[in-house]
Amino acid sequence: MITAGDLEALRLTLMLAAASTAVLLLLGTPLAWWLARTQRRGKFVVEALVALPLVLPPTVLGFYLLLLLGAKGPLGGLLSSLGLRPLAFTFGGLVIGSVVYSLPFVVQPIQDAFVRVGPRPLEVAATLGAGPLDRFFTVALPLARPGLLTGAVLGFAHTLGEFGVVLMIGGNIPGETRVASIAIYDHVEALDYGGAHGLSLLLLGLSFTLLVAVYGLNRRVRVMRA
Amino acid sequence: MRPLLLLWLLALAPTLPAAELRVAVAGNFAPVLERLAPGFEQGSGHTLRPSSGSTGRLYAQIVQGAPFDLFLAADAARPAQLESRGLVVPGTRTTYALGRLALWSPAADDVDALLARLQAQPPPRLAIANPRLAPYGAAARAWLVNEGHWAALGPGAVRGENIAQAFHFVASGNAELGLVALPQLRLFHEQTPGIAWTVPATLHPPIEQQAVLLRDSEAARALLGWLLTDTTQAQLRALGYDSP
């Protein structure tokens, strides 16, 4: 029921989710920190931008990403002029797409966690002589750990479920951009329901396990705090 | 209230004899049908509601009971399978066009340069329709295999969900080369710079595009008959199909 091609697709999906989550944590954590702490009046505009992928159809994201990443696009053109291949139809292009697509799922929980930490622990740390970086790494980050964990798992799980964006910018290349959701689509279209079941059940189990882990962890943290 | 009712009846009256036909149409033929449909609609009074996709996808939808009156496929295999499943109106399976495949590169200046690109190093990004779902994709793969290019170009080829997506991948500049349907190039010639070369029909398995009636009606039979008229067939030849 599960072919070598299916396993390849599943491996790609997991790699894509892992790479996207890593990039999202690196970019999303400072962004969430800034959103949680800034007093600027324009903050809500940035918040709206971060939340956009929640409401935009993946076709809109996919369409603009294809124009951006393709050989004629600004980013693709830049890469071509540097002698590199454009990013459309590559694994790297999918990572960029997934980062945009899953951004709110990572930034929002982390931002909430930073807000919940509040200014007090940081002020205390400052009076004890901790510098800004020190305060961030030794006080804010550990206290916001449940939020970071939730953001990471949600980002990972949401990327597992990505379909529309990949359909538009992936090009369905085996071993490079044919992720599990696309392989399932192919199986269904070809009436290979056995193959579709195999991969679908695997994804179902994986996603459920991940979410159980998130909710379980969050519960334990809450219990510990109480 | 009464004038409204009268208006409603007036609006309804002329539509009563005319029907609305739901047509499942393969990606390559969708823009062609859109171009030619007004001729049929004005002559018959019926209106067309086309839904386009890969032949494989539409086939799967029809098997699951999608409410189409007519299926304009891009191959003979799926209509035959529908027939053997007893899902078509008996005796209506007809070849309405023979598809032609074209190799197209927006960047090439002449045919020699175009064909040389097939062997370029590193291999160029080639767009085809998904061979598993789309007959034009299957024909493209067969031709590439026969010519010995599949090993170099096949694994990295971008697979469009149907021939329309493959066409879009090249037209948007994201793939350097594409194996597309000739009528797409003819219909969109203003947006298709570069050079195209029509793959000789003898070099790939024939793309025999068949139609089947899924629900019997006067209107659906009229559409099928119209497709096969000399006038329509001449228009199809002008757009790059061969006549059956």
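Numbered from 1 within each chain, the chains take letters A, B, ... in sequence-line order.
Contact between A:Pro174 and B:Pro155 at its shortest, heavy atoms only, is CD-O, 4.1 Å. A pairwise comparison of heavy atoms in A:Ala88 and B:Asn174 identifies CB-OD1, 3.5 Å as the closest pair.
Per-residue counts of heavy-atom pairs under 4.5 Å with chain A were compared for B:Ser54, B:Gly53, B:Ser172; the largest is that of B:Ser172. Here B:Arg57 is the residue among B:Gln165, B:Gln64, B:Arg57, B:His168 with the most heavy-atom pairs under 4.5 Å with chain A.
By the 6.0 Å contact criterion, CD on B:Glu34 is open, its count of non-hydrogen atoms from other residues, nucleotides or ligands being 12 or less. Atom CZ of A:Phe91 is surrounded by more than 12 heavy atoms from other residues, nucleotides or ligands within 6.0 Å. Atom CZ of A:Phe208 sits in a sparse spot, with 12 or fewer heavy atoms from other residues, nucleotides or ligands closer than 6.0 Å. Residue A:Arg11 qualifies as enclosed at atom CZ: its count of foreign heavy atoms under 6.0 Å is above 12.
The contact between A:Leu66 and chain B is made by backbone and side chain atoms together, counting heavy-atom distances below 4.5 Å. Contacts between A:Phe63 and chain B at a heavy-atom distance below 4.5 Å are absent for every atom of the residue.
Annotation: salt bridge (charged side-chain N to carboxylate O under 4.0 Å, His left out) contacts of A:Asp186 (sequence neighbours excluded): A:Arg178.
Here the side chain of A:Glu189 pairs no donor or acceptor atom with the backbone of B:Gln61 at under 3.5 angstrom.
For residues 109-134 of chain B, a heavy-atom distance under 4.5 Å to chain A picks out B:Pro123, B:Pro124, B:Arg125, B:Asn130, B:Arg132, B:Leu133, given by residue number.
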